[in-house]
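Reviewing the structure listed below.
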Amino acid sequence: HAELSDFAAGTQGSVRVLAAPSILAEDLADDIGAFLQRHPQVSVSLDERVSPDIVKGVREGTADLGVLWDLSDRSGLASLPYRSDRLCLAAPRGHPLARRRRVSFADALDHVVVAVAPGGMMDRLLQREAARMGRQLVNRIQVSSMDAAARIVAAGLGPAILPREA
């Protein structure tokens with residue numbers, strides 16, 4: 001009944017999308033909104049998942065497409081770049097790095113940071129890059145989202161490496 005009523009209302013298609021939380025926190029919602037403005041006859045189902053579950057969902061056909069970090073194993077799937085992130089250091093006022101115009105990743109490694117979504121794709125990327133430099137990220141606080149990290153930084157508890165777009 002629901003499918004027929006959607007058809008009668010003019011819906012001509014549906015797309016099932018799985019997206020990583022960090023991507024939802026950035027531009028994906030705006031991009032989907034712009035798409036729906038141009039294509040009002042299409043309905044979109046959008047669910048938040050971690051990258052390995054997104055790949056699994058697309059492979060198993062429970063999603064039409066996934067938007068995720070590029071560190072995931074996407075073998076056997078077609079993939080295109082969606083957007084690129086530019087990482088930045090969010091630091092509390094008064095922090096030694098806050099006054100600098102540019103901060104290198106090596107500079108950030110000299111300071112204790114706020115970890116965002118430990119074990120997630122961005123955390124794994126940062127840990128991998130630190131290891132390539134023979135270094136290690138030292139996390140003072142671990143939080144599950146970029147919003148929480150921003151609040152922790154604003155409270156003066158330490159800097160966080162975040163996508164600039166977020």
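A quick note: this is a predicted structure, and the numbers were derived from the prediction, not measured.
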Taking the side chain as every heavy atom from C-beta outward, state whether [X] and [Y] have any atom pair closer than 4.5 Å.
| X | Y | result |
| --- | --- | --- |
| Pro159 | Arg140 | no |
| His39 | Val44 | no |
| Tyr82 | Asp27 | yes |
| Met133 | Phe105 | yes |
| Leu18 | Val67 | no |
| Phe35 | Asp31 | no |
| His111 | His95 | yes |

**Request:** Indicate whether the side chain of Asp147 and that of Ser145 have a donor and an acceptor atom separated by less than 3.5 Å.
**Result:**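 Short answer, no.
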
**Message:** I'd like to know whether Asp47 forms a salt bridge (Lys or Arg N to Asp or Glu O under 4.0 Å) with Arg16, so could you lay out the CA-CA distance, the side-chain angles of the two residues, the decisive distance to 0.1 Å, and finally the verdict.
**Reply:** CA-CA 8 Å; Asp47 289 316; Arg16 297 166 298 173; over 6 Å; no

Do [X] and [Y] belong to the same hydrophobic cluster, where Ile, Leu, Val, Met, Phe, Trp and Tyr are linked whenever their side-chain heavy atoms lie under 4.5 Å apart, directly or via other members?
| X | Y | result |
| --- | --- | --- |
| Leu97 | Ile161 | yes |
| Leu77 | Leu65 | no |
| Leu125 | Leu109 | yes |
| Val58 | Leu68 | yes |
| Val17 | Ile23 | yes |

Looking at [X] and [Y], what are the two nearest heavy atoms and their distance?
| X | Y | value |
| --- | --- | --- |
| Val42 | Leu36 | O-CD2, 3.3 Å |
| Ala148 | Val143 | CB-CB, 3.8 Å |
| Ala149 | Ala160 | CB-CB, 4.3 Å |
| Arg100 | Val103 | CB-CG2, 4.0 Å |
| Leu162 | Met122 | CA-CE, 4.4 Å |
| Arg49 | Pro21 | O-CD, 3.4 Å |

So, taking the atom named [atom1] in [X] and the one named [atom2] in [Y], what distance separates them when rounded to the nearest 0.5 Å?
| X | Y | atom1 | atom2 | value |
| --- | --- | --- | --- | --- |
| Leu24 | Met146 | CG | CE | 9.5 Å |
| Asp64 | Ser45 | CG | OG | 9.0 Å |
| Ile54 | Glu48 | CD1 | CD | 9.0 Å |
| Arg59 | Arg74 | CZ | CZ | 10.0 Å |
| Leu28 | Arg83 | CG | CZ | 9.0 Å |

**Request:** Answer yes or no: does atom CD of Glu60 have more than 12 heavy-atom neighbours from other residues, nucleotides or ligands under 6.0 Å?
**Result:**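 Yes, because the 6.0 Å sphere around CD of Glu60 holds more than 12 heavy atoms from other groups.
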
**Request:** Ignoring hydrogens and angles, tell me if any N or O in the side chain of Asp53 forms a donor-acceptor pair with the backbone of Val50 under 3.5 Å.
**Result:**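 The answer is no, because no donor-acceptor pair under 3.5 Å joins these two groups.
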
**Message:** Has Thr62 got a side-chain atom pairing as donor or acceptor with Gly57's backbone, closer than 3.5 angstrom?
**Reply:**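 Present.
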
**Residue pair Leu126, Val113: steps toward the side-chain contact (heavy atoms from CB on, under 4.5 Å) verdict** = CA-CA 11 Å; Leu126 295 174; Val113 297; over 6 Å; no

